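This one's a predicted model, so the numbers in the text were calculated from it and none came from an experiment. Labels below follow one simple rule: chain letters A, B, ... track the order of the sequence lines, proteins then strands, and each chain is numbered from 1.
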Amino acid sequence: MTVHKLAAAAAALGLIAATTVAIAQKTSTEAIEEYREMLQDGNPADLYEMKGEELWKKARGPKNASLEKCDLGLGAGVTKGVFVQLPRYFADTNQVQDLESRLVTCMSTLQGIDPKEVINGQWGKGERANATALATWVAAQSKGMQFHLPQSQPQERIAYEMGKRAFFQSGGSHDFSCATCHGEEGKRIRLQDLPNLTKNPGDGIGFAAWPAYRVSNGQMWTMQHRLNDCYRQQRFPEPTYGSAITIALGVYMGVNAQGAKSAVPTIKR
Amino acid sequence: MKKSTLFTAGLSTLAVAVLAGCAGNSSSNLPSNAELDAMALKMEQSSFHDKGIVKVKEALTLDDTLRACDAAAVAGHPLDPATAKKLEAENLKAIQWPTDGKYLGDWKSGEKIAQSGRGRTWNDKADAANGGNCYNCHQIDPKEISYGTIGPSLYHYGKLRGVTDPNSPQAQEVVKYTWGKIWNAKAYNACSNMPRAGYKGILTQKQVADIMALLLDPKSPVNQ
Amino acid sequence: MGDPMRIRAQAKDGNVLVRILMSHEMESGQRKDASGKIVPAWWIQEVTAKLNDKQVFSCEWGPAVSKNPFLEFTVKGGKAGDKVSVSWKDSKGDTRTDEATVS
């Protein structure tokens, strides 16, 4: 179908040469892009969104309460627009928190669910899986909105400085830092393009692309999960779920991405 | 190592540090760069825990090279040439040259090692053979289309350097440099992105020799 | 009752394009877990769909269909306002039915 359209356009413009180009062989990256576009329709992330919405409204835990009074930064119960302003400082916990850790706070204070169930849990299981579904649904409420993390509190500005230092911190047997892969323009690892995270990499890229559904392992990954796996491949030890370094990196990437539009939930290889 | 929960560690400690008194700070109300550096190191130490074969103590200890290069990167400028030269010399001294004098091994094994990304993660076993991770960053054998661009292409590596006989005296400089670069990349570029495969014990001498053959053997597909 | 499906049904040129995203592990029974044990087979065996109250689609699935299956088909006839109902049954005997209105 594409070839016919191109041929018609070429004929209309009298550019016969264009027809030969249209029939030329696809490069491997073009073929992969086409495959990824086909996957967009019917992104299984939709299923996690549905689950997340259900969990937000359902009375659960020892306190038998829903999460509908949870404050994610824009007031109790507000879910639209919060994702593009996280991580941010919360007075009640006196901490800068990202989406996942803030959900854990609410699950604990409103529902009585022990944070350890998430922090010491396993990906895709139990309360950690619930936190992922909730994060997917909440993040989806901000789809298309632009990131504008607050930097008005000193703790938020300190978190940015912490995140920057963490980004360039080398470690592990291979001396890798985040910057090794994400510190330069136009690089890729094998055939996977790498966004430059020291600046705004564009709409729907980098920080603006997670949570995402990963087709290769059929899992929904939040930014906590993405960072966890980055550190694993960097030969670092494991970052604790919701730990300070993971939140600081979120602040660094999120502030750098100011103005970029969120495409979450996305679909990845 | 005890896992830190959200409520005992994390940025709340940093927040307290800020609120506890920043007398003498500028209007931006932030601690000094030196203080921020110290806070960052503390944050790093408390945010990770041992898992599998990876221990916090080993993995998060910076040597002089990494400390200098990371600081320069945070400050947003390249490392000054004098410090870079000093660190390169230190790394050069640490290179182990082949104990049996054999710089080149088997390129077919070398290709397998270059393709493999195994080893040293918290999912890997201590006694398993590690891979070189080479294709993650480099083009090598052009038949492999799945290659990265973090490092330069190594296609025609030996050919471009005029190496027709790796054992000849004329080829020795290139041969030694290549071994040195794989063993300890930072000996030639202090802030190189490349892992120090030999120096950090990722690859054995035999494995390095096999990769050498992949790059320098005139019969290797890399030089066809 | 399994997890909810997401159904979209669009009327176009006298036909209805139905797209369904199903939530299911679809274990082939050939995978091994971290300890080397086979993960037991568990998959959707039968999918049927109705337009209003008439069955218009049915299929039998096996281990080749992957996790969280996405199914798309076109039904002749059908217009906006019609009801689409999709049901599946899996190898453990679990079932799920969801409905959507054609837009």
Taking every non-hydrogen pair under 4.5 Å, which of [options] racks up the most with chain A?
options                           : answer
G148(B), G151(B), S146(B), A59(B) : S146(B)
T61(B), N123(B), D37(B), T65(B)   : D37(B)
K186(B), H138(B), M194(B)         : K186(B)
K55(B), Q115(B), E144(B), R67(B)  : Q115(B)
A71(B), G52(B), G119(B), C137(B)  : G119(B)

With a 4.5 angstrom heavy-atom cut-off, is it the side chain or the backbone of [X] that approaches chain B, or both, or neither?
X       : result
F167(A) : neither
E184(A) : side chain
S173(A) : both

Spatial distance of atom [atom1] ([X]) from atom [atom2] ([Y]) [nearest 0.5 Å]:
X       : Y       : atom1 : atom2 : result
L62(B)  : D175(A) : CG    : CG    : 9.5 Å
E161(A) : L30(B)  : CD    : CG    : 6.5 Å
K51(B)  : T240(A) : NZ    : OG1   : 10.5 Å
M43(B)  : S243(A) : CE    : OG    : 8.5 Å
R232(A) : W122(B) : CZ    : CH2   : 7.0 Å
D124(B) : R235(A) : CG    : CZ    : 6.5 Å

Examine whether an atom of [X] lies under 4.5 Å from a heavy atom of chain A, and if so say whether it belongs to the side chain, the backbone or both; otherwise answer neither.
X       : result
I145(B) : both
D63(B)  : neither
I53(B)  : neither
E58(B)  : neither
I202(B) : side chain

Original post:
Just wondering, are more than 12 heavy atoms of other shown residues or ligands nearer than 6.0 Å to CZ in R60(A)?
Top reply: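 Buried by this count: over 12 neighbours within 6.0 Å.
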**OP:** Assess whether atom NZ of K199(A) is packed by more than 12 heavy atoms of other residues, nucleotides or ligands within 6.0 Å.
**Re:** yes
Subject >> Short side-chain donor-acceptor distance under 3.5 Å, R165(A) and N33(B) >> reply: yes
Original post:
Would you call the rings of F48(B) and Y231(A) parallel, tilted or perpendicular, where under 30° means parallel and over 60° means perpendicular?
Top reply: perpendicular
**OP:** Could you walk me through whether K200(B) and H174(A) pass the side chain to side chain contact (heavy atoms under 4.5 Å, CB included) test, one step at a time?
**Re:** CA-CA 7 Å; K200(B) 296 294 282 254; H174(A) 289 50; over 6 Å; no
Original post:
When only pairs under 4.5 Å are counted, which of A166(A), P239(A), G186(A) shares the most heavy-atom pairs with chain B?
Top reply: P239(A)
Original post:
Can you list the steps and then say if T149(B) with L194(A) is a side chain to side chain contact (heavy atoms under 4.5 Å, CB included)?
Top reply: CA-CA 10 Å; T149(B) 57; L194(A) 294 162; over 6 Å; no
**OP:** For side chain to side chain contact (heavy atoms under 4.5 Å, CB included), just list the numbers for Q169(A) and V74(B), CA-CA rounded to whole Å, side-chain angles, deciding distance to a tenth of an Å, and then say yes or no.
**Re:** CA-CA 9 Å; Q169(A) 187 86 24; V74(B) 171; over 6 Å; no
**OP:** Let me see the working for I150(B) and C181(A) under side chain to side chain contact (heavy atoms under 4.5 Å, CB included), right down to the final yes or no.
**Re:** CA-CA 7 Å; I150(B) 299 173; C181(A) 285; 3.8 Å; yes
Subject >> Least distance between heavy atoms, L60(B) atom then P237(A) atom >> reply: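 Looks like CD2-CD, 4.2 Å.
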Subject >> Heavy-atom closest contact (L36(B) atom, M162(A) atom, distance) >> reply: O-CE, 3.2 Å
Original post:
So do the side chains of T246(A) and S47(B) get within less than 4.5 Å of each other, counting heavy atoms only?
Top reply: no
